[in-house]
Amino acid sequence: MSQPKKTNETMEKIVSLCKRRGFIFQSSEIYGGINSCYDYGPLGAELKRQVKDFWWKSMTQAHENIEGLDASILMHPRIWEASGHVEGFTDPLVDCKKCKNRFRADQLEETTCPNCGGELTEPRQFNLMFKTFMGPVESDANIVYLRPETAQGIYVNYLNVLNSSRQKVPFGIAQIGKAFRNEITPGNFTFRTREFEQMEMQYFVRPGEDEPAMEAWKAERMAWYDKLQINPSKLRFHEHGKNELAHYAKAAFDVEYEFPIGWQELEGVHNRTDFDLTRHEKFSGKNLKYFDEEKKEKYIPYIIETSAGCDRSVLCVLCDAFTEEEERTVLKFAPFIAPVQVAILPLVKKDGLPEIARNIVADLRSKFRMFYDAGGSIGRRYRRQDEVGTPFCITIDNDTKGDNAVTIRERDSMKQDRVNIGELSDYLTKRLAPPL
RNA sequence: GCGGGAGUAGCUCAGUGGUAGAGCGUCACGUUGCCAACGUGAGGGUCGAGGGUUCAAAUCCCUUCUCCCGCUCCA
């Protein structure tokens, strides 16, 4: 059992590095912090943006039949009745003070714990959803919820998207956005937080074509993590057993990653069947059926959902990149998502080298994420860049003035390459291109 | 929500009633000049927050917040 201790040490090192280098901070820190909330610093915000951007392009740009959407966080409260979120989470719950088991008060016949006979707490309402009020009056009639999942925004817009985009089933809708769940137990850094960002794609298919679609999306989603250069031996599928299936799901597979804290879910690929649209049809009274011109039939499409945790993806990227070598700590990000892609380092702060370096930065900054650093020894500067995951460092030395060439040092191998300044842009473009 | 542990400089931590410290990092100047380790100097902390005891509190007491571990929970 020495494993957990060791892995927690790794996690602590990552948390510490994230703060030290400006990836992730505790939220509201100067006020003592607030539970389970985190802020992305300069490098973290850039990294997260890159992950989201890659996901977005992998969906919308790479697929003719996937459209984007950005729905509002506040939605009609009836949506959450239709989705089952209100119903499932208004149950009064009691805890056993002795054995700590939790029960639904309305399903208990006895007044003591059915497990051990211990004393029970007063019934309490547990609702996963954050509540607030729409408008200035705080009355029950004005209650609205912060969405506990982004998916419903897609479902209630499915006909709008279909009609305005001239898509035909099968087609998908992709969305990135915040969701909020009042988790009982958040924790493990940014892994489980009450405010989090989802990257969801809901794929609408003809009933009966859901199973092949499910298989195709499972493969495609796993391939996406490969493109992010996540260690394949730390990725796997976990299939939900019948007892683990959510109320809407016919089949569910999670993509899991082996974090330092153990195997944990990154993304769910679920067959949600026609459950959600059927419910919305019933609750809204609107006809949500699709008319298939080819087959001349009406049906409610089945939905294959790929629902990824954005913050979890970022944490996965950080954990997977984190490498401790004998003499250095390196974040081995896939170059195309690295927050800083190219560091420009004049070997010395004189002889006109800083000016040459500044000119190169000016030339390349519209194409790559650049960082200029002239402070400290060259070795120290390499180590600093290693620790923030910069894939390429370019040094300008006294020979540069003669041969118009610079040294490019590669992060992972630490090997150096001499490249003409005129060829830098092509050289870097080739190595920093996203694998779309 | 329950039980345990912990919060002191950006990071890692020492300091158990008597003037708030170290190493690393950061910044400036000098030196070196291709893989952190040189010299000099500087900045940085109301010791998580609030209250109490005391002549005196980082240190003792109470409350609270945050983080970690375990349980519980996890649409």
Side-chain angles (χ1 to χ4, degrees), chain A residues 1 4-5 7-9 11-13 15-22 25-38 41 80 83-89 93-103 115 121-122 124 126-129 148-149 151-152 179 181-189 191-192 194 240 244-249 252 261 264-265 268 270 272 275-276 305 307 325-330 345-351 353 374-387 393-399 406-411 413-416 418:
Chain A
M1 292 301 283
K5 188 158 185 270
T7 53
N8 291 333
E9 278 169 16
M11 201 62 205
E12 277 164 27
K13 281 177 186 167
V15 171
S16 166
L17 187 150
C18 280
K19 178 167 189 199
R20 200 169 65 244
R21 294 301 190 187
F25 310 122
Q26 164 98 92
S27 169
S28 316
E29 198 184 15
I30 63 169
Y31 286 97
I34 182 165
N35 186 271
S36 105
C37 296
Y38 293 91
W80 307 113
S83 70
H85 285 82
V86 172
E87 184 187 346
F89 281 91
L93 298 175
V94 292
D95 292 317
C96 172
K97 290 179 179 175
K98 197 171 162 193
C99 71
K100 310 300 180 194
N101 274 310
R102 179 168 289 160
F103 308 95
N115 185 43
T121 61
E122 288 298 305
R124 286 171 295 193
F126 275 88
N127 197 310
L128 200 70
M129 289 194 290
E149 63 176 24
Q152 299 300 328
R181 288 181 199 170
N182 228 333
E183 297 282 358
I184 296 163
T185 311
N188 286 321
F189 200 36
F191 182 81
R192 180 174 283 110
R194 295 192 171 109
H240 286 218
E244 298 174 278
L245 283 177
H247 63 275
Y248 54 71
I261 52 173
Q264 300 282 353
E265 176 186 355
H270 296 179
R272 292 184 71 136
F275 176 88
D276 297 278
E305 161 186 84
S307 174
E325 296 178 358
E326 244 175 70
E327 301 205 335
R328 60 175 194 157
T329 300
V330 198
L345 318 171
L347 194 56
V348 292
K349 240 187 282 189
K350 57 185 179 186
D351 303 331
L353 300 189
S377 75
I378 188 64
R380 177 189 296 263
R381 281 180 277 164
Y382 283 149
R383 294 298 200 263
R384 280 202 282 247
Q385 294 308 313
D386 285 342
E387 219 181 21
C393 289
I394 295 180
T395 50
I396 288 81
D397 56 33
N398 272 300
D399 295 339
V406 295
T407 304
I408 298 186
R409 178 259 197 188
E410 203 272 325
R411 178 192 66 202
S413 65
M414 296 193 282
K415 282 186 183 147
Q416 303 195 339
R418 193 79 180 166

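Letters A, B, ... are given to chains in the order of the sequence lines, protein chains preceding strands, and every chain is numbered from 1.
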Contacts table for residues 26-33 of chain A: side-chain donor-acceptor under 3.5 angstrom, sequence neighbours left out:
from	atom 1	to	atom 2	distance (Å)
A:Gln26	NE2	A:Ile34	O	3.4
A:Gln26	NE2	A:Cys37	O	3.2
A:Glu29	OE2	A:Lys19	NZ	2.6

Base partner of B:A6, which must satisfy Watson-Crick or wobble distances under 3.5 Å: B:U66
Residues forming a salt bridge (charged side-chain N to carboxylate O under 4.0 Å, His left out) with A:Arg411, sequence neighbours excluded: none
Rounded distance in Å between the P positions of B:G25 and B:A75: 47 Å
Side-chain N or O of A:Asn398 closer than 4.0 Å to phosphate OP1/OP2 of B:G33: no
Closest non-hydrogen atom pair between A:Ala374 and A:Lys349, with its separation: O-CE, 3.4 Å
Nucleotide nearest A:Leu347 when distance is taken to its side chain, options B:G33, B:U12, B:A75: B:G33
Distance-only donor-acceptor test (3.5 Å): side chain A:Arg381, base B:C35: no
Whole angstrom value for the distance that separates P of B:U12 from CD of A:Glu387: 12 Å
Rounded distance in Å - NZ (A:Lys350) to C1' (B:U32): 9 Å
Min side-chain heavy-atom separation A:His85-A:Met129 under 4.5 Å: yes
Same-atom distance (P) from B:U72 to B:G17, integer angstrom: 41 Å
Closest nucleotide among B:C74, B:C34, B:C29 to the A:Lys349 side chain: B:C29
Residue met sooner reading RNA chain B from 5', once A:Glu183 and A:Ile378 are mapped to nucleotides: A:Ile378
Do any N or O atoms of the protein come closer than 3.5 Å to N or O atoms of nucleotides 3-9 of chain B, and which pairs are they?
none

hbond_proxy A:Thr395 side chain to B:C34 base (donor-acceptor, 3.5 Å cutoff): yes
Shortest side-chain distance from A:Arg181, nucleotide among B:U66, B:A75, B:C34: B:A75
Identified pairing partner of B:U26, criterion: Watson-Crick or G-U wobble below 3.5 Å: B:A42
Separation of the P atoms in B:A6 and B:G48, to the nearest angstrom: 13 Å
Interatomic distance, A:Glu326 CD vs B:A37 C1' [rounded to whole Å]: 16 Å
Integer angstrom distance from the P of B:A58 to that of B:G52: 15 Å
Residues in side chain to side chain contact (heavy atoms under 4.5 Å, CB included) contact with A:Ser36, at least two apart in sequence or another chain: A:Pro186, A:Thr193, A:Arg194
Touch class at under 4.0 angstrom, heavy-atom based, for A:Ser36 against every strand present: sugar-phosphate
Touch class at under 4.0 angstrom, heavy-atom based, for A:Phe189 against every strand present: sugar-phosphate
Please produce a list of atom pairs where a protein N or O lies less than 3.5 Å from an N or O of nucleotides 21-25 of chain B.
from	atom 1	to	atom 2	distance (Å)
B:G25	OP1	A:Arg380	NH1	3.4

Nearest-nucleotide 5' precedence on RNA chain B, A:Ile30 against A:Lys19: A:Lys19
Base of B:C65 paired with side chain of A:Tyr31 (donor-acceptor, under 3.5 Å): no
B:A56 versus B:G51 - spacing of their P atoms, nearest Å: 15 Å
Any-strand Watson-Crick or G-U partner of B:C71, both distances under 3.5 Å: B:G1
Atom pair distance, as rounded to whole Å: CG in A:Leu128 and P in B:C73: 15 Å
Separation of atom CE in A:Met414 from atom P in B:C35, rounded to whole Å: 10 Å
Sugar-phosphate only, base, or nothing, as touched by A:Gly268 at under 4.0 Å among non-hydrogen atoms: nothing
Nearest listed nucleotide, side chain of A:Glu12, among B:C68, B:C35, B:A75: B:C68
Interatomic distance, A:Phe191 CZ vs B:C67 P [rounded to whole Å]: 16 Å
Side chain proximity check, A:Leu345 to A:Leu347, heavy atoms < 4.5 angstrom: no
All side-chain hydrogen bond (donor to acceptor under 3.5 Å, both in side chains) counterparts of A:Arg383, not counting sequence neighbours: none
Check: A:Phe25 ring centre within less than 6.0 Å of A:Tyr38 ring centre: no
Selected nucleotide, minimal atom distance to A:Arg192 side chain, candidates B:C74, B:C34, B:C67: B:C74
Distance, C1' atom - from B:A57 to B:C62, rounded to whole angstrom: 15 Å
A:Arg384 and A:Arg380, any side-chain heavy atoms less than 4.5 Å apart: yes
Residues which pass side chain to side chain contact (heavy atoms under 4.5 Å, CB included) with A:Thr329, listed by chain and number, not counting sequence neighbours: A:Leu17, A:Phe322, A:Glu324, A:Glu387
Sugar-phosphate only, base, or nothing, as touched by A:Gln26 at under 4.0 Å among non-hydrogen atoms: sugar-phosphate
Any-strand Watson-Crick or G-U partner of B:U53, both distances under 3.5 Å: none
Touch class at under 4.0 angstrom, heavy-atom based, for A:Ile34 against every strand present: sugar-phosphate
Distance-only donor-acceptor test, A:Arg383 side-chain atoms vs B:C35 base atoms, 3.5 Å: yes
Spacing between A:Lys415 atom NZ and B:C35 atom C1', to the nearest angstrom: 15 Å
N/O donor-acceptor pair, side chain A:Asp397 with base B:C34, under 3.5 angstrom: yes
Minimum side-chain heavy-atom gap A:Arg272-A:Asp276 below 4.5 Å: yes
Touch class at under 4.0 angstrom, heavy-atom based, for A:Ser28 against every strand present: nothing
Whole-Å P distance, B:G41 and B:U66: 43 Å
Distance between C1' atoms of B:C47 and B:G7 (Å, rounded): 10 Å
Nucleotide opposite B:G33 in a Watson-Crick or G-U pair, distances under 3.5 Å: none
Contacts of type side chain to side chain contact (heavy atoms under 4.5 Å, CB included), residue A:Glu325, not counting sequence neighbours: A:Thr323, A:Arg328, A:Val330, A:Lys332
Non-neighbouring partners of A:Thr407 that pass side chain to side chain contact (heavy atoms under 4.5 Å, CB included), sequence neighbours left out: A:Thr395, A:Asp397, A:Gln416, A:Arg418
Residue A:Tyr38, side-chain heavy atoms: nucleotide from B:C35, B:C68, B:A75 that is nearest: B:C68
A:Asn188 vs B:C69: side-chain N/O to OP1/OP2 distance below 4.0 Å: yes
B:A75 phosphate, OP1 or OP2, under 4.0 Å from A:Ser83 side-chain N/O: no
